[in-house]
Asker: 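This is the structure, below, for whatever I ask next.
We count ligands from 1, going down the list as the structure has it; atoms in each ligand are counted the same way.
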Amino acid sequence: MLSAVRAFAISRPALGATATAAVAAVASRLAAKPRTLAAFGKDSRLYHKPARSSTFKKLGKDDVRHFERILPAETILATPAVGGSADPIELEGFNADWLNKYRGSSQLVLRPKTTKEVSDILKYCNDQGIAVVPQGGNTGLVGGSVPVHDEVVLSLRNMNKIRSYDELSGILVCDAGCVLEELGNYVGERDHIMPLDLGAKGSCHIGGNVATNAGGIRFLRYGTLHGSVLGLEVVLPDGTILDNMSTLRKDNTGYDLKQLFIGSEGSLGVITGVSIATPRKPSSVNVAVLGVPSYENVQQAFKLARRRCGEILSAYEFWDANCMGAVLKHQELKNPLSSDYPFYVLIETSGSNKDHDDEKMGALLEELMEQGIVEDGALAQDDSQISRMWAMREGIPESLGKTGPTYKYDVSIPIPVLYDIVGDIAGRLETAKLYTPGEPGNPVRLVCGYGHIGDGNLHLNVVAEKFEDRITNIFEPYVYEWVSSHRGSISAEHGVGLMKRDYLGYSKSPEMISYMKRIKDLFDPKGILNPYKVV
Ligand code: FAD
Ligand code: MLT
Ligand code: ZN
């Protein structure tokens, strides 16, 4: 069996310089990403921008004076327009999203350090009718984390303390503004891992993860945050602190209110504390990247991987040749395979018995090759190669962003038809003479697909020269109609935000939307929290 492992491993060129450097580079670029208005030039635009609601008070100097009385001076960023002294450029990073697609014009950013301060801020805003947008690491991809107009930005970044960690149960209790990667390092030193991981880990906050119910690359093994989050501390729009920081795994005392806030995208309350179960770090991890000739074979390989490695299979990700091209161009990584393929798959197994796991992975790879399901593969030989293989997958969003302004669709569709939408959209763009695959100089530069295929989740991306209506109109609402016709979800993991709020009806019935609105009214009767988004 081991010979198969070697067959995969030998004579494959190394992926790149050093794994940790590559991963750190992605993380630090994320963390340090300058959000200048010039990033994608003046063509960037905020579309579907609803009109400002006249029910919200326009912020005045008196309001800022009030915040100065309840918060430390260094936690307030106010521009001269509202009586402060901050250069408006300092607020740009809070006003523009990661994709540089959505941009607001907030003149005030508040960065409280305590739950009490969050409560005082919200109480005042609610009384005065001032709109507020909660913001974590601002890595969201649906325009939910930035103001639409002049909402006050309530940034959680100063709430970044670990409150407690129980090594016996693996239960972590922390502030909402803790950065996911830092939490991963903390529990990693104690032989545990976070139950979720995503490419934005160097910047995103655990509170933002909970607010978006983020999925990511560990979902296949550890499931949804609805399962691993045990408790939340949430401040409601009127300032009420809902302390539900349970560390219990089992608690059936009535309605489980915390579930409402998981995935509510800052529309019901501000999450200030999180209690979360962290799994033991697996002692044996194997990662392989495979070259696959067709999407049909990507599915066959998944079927076989589940059959042969079911209990240790921890990730099954895929990407197409266009994604690979962008990654190899923009990351310091080399293709671990000896030639190019239409599709690539990353398989990870995680377990506790190295010999057993090596044997299982080896047997799987051997069978995949023998049956001609995959044409080539490379099995990582050490942690450094594992990191580089993951950096390749996780580097896709950033690489596409460097290729040009990127339209992102994040859908759940039954796996057999998952990739059809990519070809369909490329064909529509070609017919409209907006795209010629492989040819430069067109309004659309790239159409590609990747994602968490093990979860039935495709990321369809269209990279353009600029965001413009004639391109958008090709796939909106077409993509949503397509997904709806397959009983899929128009948002598998990124959320609704501003981008999809007008399209919710493609995934939810009128009755469900009506109940969502009633829940919003119950928690936020004045609608001050993250207005214009979600519902
Ligand atoms: P933000 O972007 O700041 O906010 C997101 C939403 O949550 C907003 O609506 C905001 O109002 C709300 N919010 C934030 N903090 C709070 C809080 N404390 N209380 C209440 N509401 C709050 N997503 C995935 O699901 N899976 C992935 O694999 C994945 N990979 C990514 C890779 C890259 C490179 C990037 C840029 C993004 C990726 N994302 C992914 C999207 C994004 O990282 C996640 O949605 C993440 O959970 C957002 O966290 P954040 O702290 O940046 O939140
Ligand atoms: C991913 O899986 O890489 C993320 O969800 C980000 C993206 O869709 O680009
Ligand atoms: Zn994803």
Asker: Decide yes or no for V152 and L110: does some side-chain heavy atom of the first lie under 4.5 Å from some side-chain heavy atom of the second?
Answerer: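 Contact flag for V152/L110 side chains = yes.
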Asker: Does some non-hydrogen atom of G497 fall short of 4.0 Å from ligand 1?
Answerer: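 Flag not set, G497 not near ligand 1.
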Asker: So which of C204, G202, P134, S399 gets nearest to atom 11 (O) of ligand 1, if we judge by its closest heavy atom?
Answerer: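 When every heavy atom of C204, G202, P134, S399 is considered, P134 comes closest to atom 11 (O) of ligand 1.
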Asker: Does H494 offer a backbone N or O that forms a donor-acceptor pair with the side chain of T212 under 3.5 Å?
Answerer: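 Looks like no, no N/O pair under 3.5 Å.
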Asker: Would you please indicate yes or no on a ring centroid separation below 6.0 angstrom for Y344 and Y450?
Answerer: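 Ring centroids of Y450 and Y344 are no less than 6.0 Å from each other.
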Asker: For atom 7 (C) of ligand 2, which protein heavy atom lies nearest, and how many Å away is it?
Answerer: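 Answer, as residue, atom name and distance: Y450 OH, 3.2 Å.
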Asker: Given F302, which of Y295, Y316, F318 fulfils the ring-ring contact (aromatic ring centres under 6.0 Å, His included) condition?
Answerer: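 Exactly one pass, corresponding to Y316.
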Asker: State the atoms of ligand 1, each with its element, that fall below the 4.0 Å cut-off from a heavy-atom position in V270.
Answerer: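 Numbered from 1, ligand 1 contributes 19 (N), 20 (C).
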Asker: Which option out of G144, S145, G199, S267 puts a heavy atom nearest to atom 4 (O) of ligand 1?
Answerer: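 That would be S145.
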Asker: Just by distance, with hydrogens left out, do T472 and Y407 show a side-chain donor and acceptor under 3.5 Å apart?
Answerer: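 T472 vs Y407: donor-acceptor pair found between side chains.
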Asker: Any ion pair linking R103 and D97 (charged N to carboxylate O, less than 4.0 Å)?
Answerer: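 Judged by the 4.0 Å cut-off on N to carboxylate O distance, D97 and R103 do not form a salt bridge.
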Asker: Return the name of the atom in H459, of element N, O or S, nearest to the Zn ion (ligand 3).
Answerer: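 Nearest N/O/S atom of H459: NE2.
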Asker: Would you tell me which option among G266, P397, S491, A492 has the nearest heavy-atom contact to atom 34 (C) of ligand 1?
Answerer: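 Nearest option to atom 34 (C) of ligand 1, by heavy atoms: P397.
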Asker: Heavy-atom pairs closer than 4.0 Å: do any link ligand 1 to the side chain of H452, the backbone, both, or neither?
Answerer: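 It is the side chain that touches ligand 1; the backbone stays farther off.
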Asker: Taking all heavy atoms of V345 and all of W319, pick out the closest pair and write down the distance.
Answerer: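 Taking V345 first and W319 second, the nearest heavy atoms are C-CZ3, 4.5 Å.
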Asker: Considering N209, T139, L154, which one's heavy-atom position lies nearest to atom 37 (C) of ligand 1?
Answerer: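 That would be T139.
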Asker: Please identify which atoms of ligand 1 are closer than 4.0 Å to at least one heavy atom of L156.
Answerer: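 Going through ligand 1 atom by atom, the ones under 4.0 Å from L156 are 18 (N).
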Asker: When you measure from the heavy atoms of R393 to every atom of ligand 2, does any distance fall below 4.0 Å?
Answerer: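 So R393 counts as touching ligand 2.
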Asker: Between E394 and ligand 1, which residue portion shows a heavy-atom distance shorter than 4.0 Å: side chain, backbone, both, or neither?
Answerer: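 The answer is neither; E394 stays 4.0 Å or more away.
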Asker: How about T278 and Y165: does a side-chain donor come under 3.5 Å of a side-chain acceptor?
Answerer: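 There is such a pair between these side chains.
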Asker: State which residue, out of I519, L257, V234, fulfils the side chain to side chain contact (heavy atoms under 4.5 Å, CB included) condition with L268.
Answerer: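 Of I519, L257, V234, side chain to side chain contact (heavy atoms under 4.5 Å, CB included) with L268 is met by I519 alone.
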Asker: Going by the order shown, which atoms of ligand 1 are within less than 4.0 Å of some heavy atom of E265?
Answerer: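 Close to E265: 9 (O), 11 (O), 12 (C).
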Asker: With heavy-atom distances below 4.0 Å as the criterion, list the atoms of ligand 1 near I271.
Answerer: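 What qualifies from ligand 1 is 17 (C), 18 (N), 19 (N), 20 (C).
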Asker: Do K201 and E182 meet the salt-bridge criterion of a basic N to acidic O distance under 4.0 Å?
Answerer: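 Between K201 and E182 there is no salt bridge, as every charged N stays at least 4.0 Å from the carboxylate O atoms.
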Asker: Say whether, by atom type as modelled, one donor and one acceptor occur between the side chain of Q135 and the main chain of F94 under 3.5 angstrom.
Answerer: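 At least one qualifying donor-acceptor pair exists.
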Asker: Should you measure from each heavy atom of H452, which atoms of ligand 2 turn up under 4.0 Å away?
Answerer: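 Result: 2 (O).
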Asker: Ion pair present between R163 and E233, side-chain N to carboxylate O less than 4.0 angstrom?
Answerer: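 Between E233 and R163 there is a salt bridge, with a charged N closer than 4.0 Å to a carboxylate O.
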Asker: Numbering the atoms of ligand 1 from 1, which are under 4.0 Å from a heavy atom of G208?
Answerer: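 By the 4.0 Å cutoff, the relevant atoms are 14 (C), 15 (N), 47 (O), 49 (O), 50 (P), 51 (O), 53 (O).
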Asker: Find all atoms of ligand 1 within a distance of less than 4.0 Å from any non-hydrogen atom belonging to G269, and give their numbers and elements.
Answerer: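 Listed by number with element, the hits are 20 (C).
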Asker: Please say whether W98 places an N or O atom under 3.5 Å from an N or O atom belonging to ligand 1.
Answerer: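 No, since none of the N or O atoms of W98 sits under 3.5 Å from an N or O of ligand 1.
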Asker: Only heavy atoms of L141, strictly under 4.0 Å: list the atoms of ligand 2 that pass.
Answerer: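 By the 4.0 Å cutoff, the relevant atoms are 6 (C), 7 (C).
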Asker: Do E117 and R111 sit within salt-bridge range, that is, some charged N less than 4.0 Å from a carboxylate O?
Answerer: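 Here E117 does not pair with R111 in a salt bridge, since their nearest N and O are not under 4.0 Å apart.
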Asker: Need the ligand 1 atom indices (1-based, order shown) with element for anything under 4.0 Å from a heavy-atom of A214.
Answerer: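 By the 4.0 Å cutoff, the relevant atoms are 25 (O), 47 (O).
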Asker: So, regarding G136 and ligand 1 (criterion: nitrogen or oxygen to nitrogen or oxygen, under 3.5 Å), is there a contact or not?
Answerer: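 Yes: some nitrogen or oxygen of G136 is under 3.5 Å from one in ligand 1.
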Asker: Do the charged groups of D524 and K526 touch, with an N to O distance under 4.0 Å?
Answerer: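 Here D524 does not pair with K526 in a salt bridge, since their nearest N and O are not under 4.0 Å apart.
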Asker: Say whether H494 and ligand 2 are in contact under the criterion: heavy-atom distance to a ligand atom below 4.0 Å.
Answerer: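 Yes; H494 lies near enough to ligand 2 that a heavy-atom distance drops under 4.0 Å.
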Asker: Can you tell me the angle formed at the Zn ion (ligand 3) by NE2 of H452 and OE2 of E493, to 10°?
Answerer: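 Roughly 90°, rounded to 10°.
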Asker: Could you tell me the separation between the CZ atom of F67 and the SG atom of C125, rounded to the nearest 0.5 Å?
Answerer: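 These two atoms lie 4.0 Å from each other.
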Asker: Mark up the atoms of ligand 1 that fall under 4.0 Å of a heavy atom belonging to N530, in ascending order.
Answerer: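 So the atoms of ligand 1 that pass are 9 (O), 11 (O).
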Asker: With backbone taken as N, CA, C and O and side chain as the heavy atoms from C-beta onward, which portion of T212 lies under 4.0 Å from ligand 1: side chain, backbone, both, or neither?
Answerer: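 Near ligand 1, T212 shows its side chain, while the N, CA, C and O stay back.
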Asker: Taking the basic N atoms (NZ, or NE/NH1/NH2) and the acidic carboxylate oxygens, is any pair closer than 4.0 Å for D127 and K123?
Answerer: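 So D127 pairs with K123 through a salt bridge.
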Asker: When you look for heavy atoms under 4.0 Å from ligand 2, do you find them on the side chain of E394, its backbone, both, or neither?
Answerer: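 It is neither part, as no heavy atom is under 4.0 Å.
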Asker: Under 4.0 Å from any heavy atom of H459, which atoms of ligand 2 are there?
Answerer: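 Matching atoms, with element in brackets: 1 (C), 2 (O), 4 (C), 5 (O), 8 (O).
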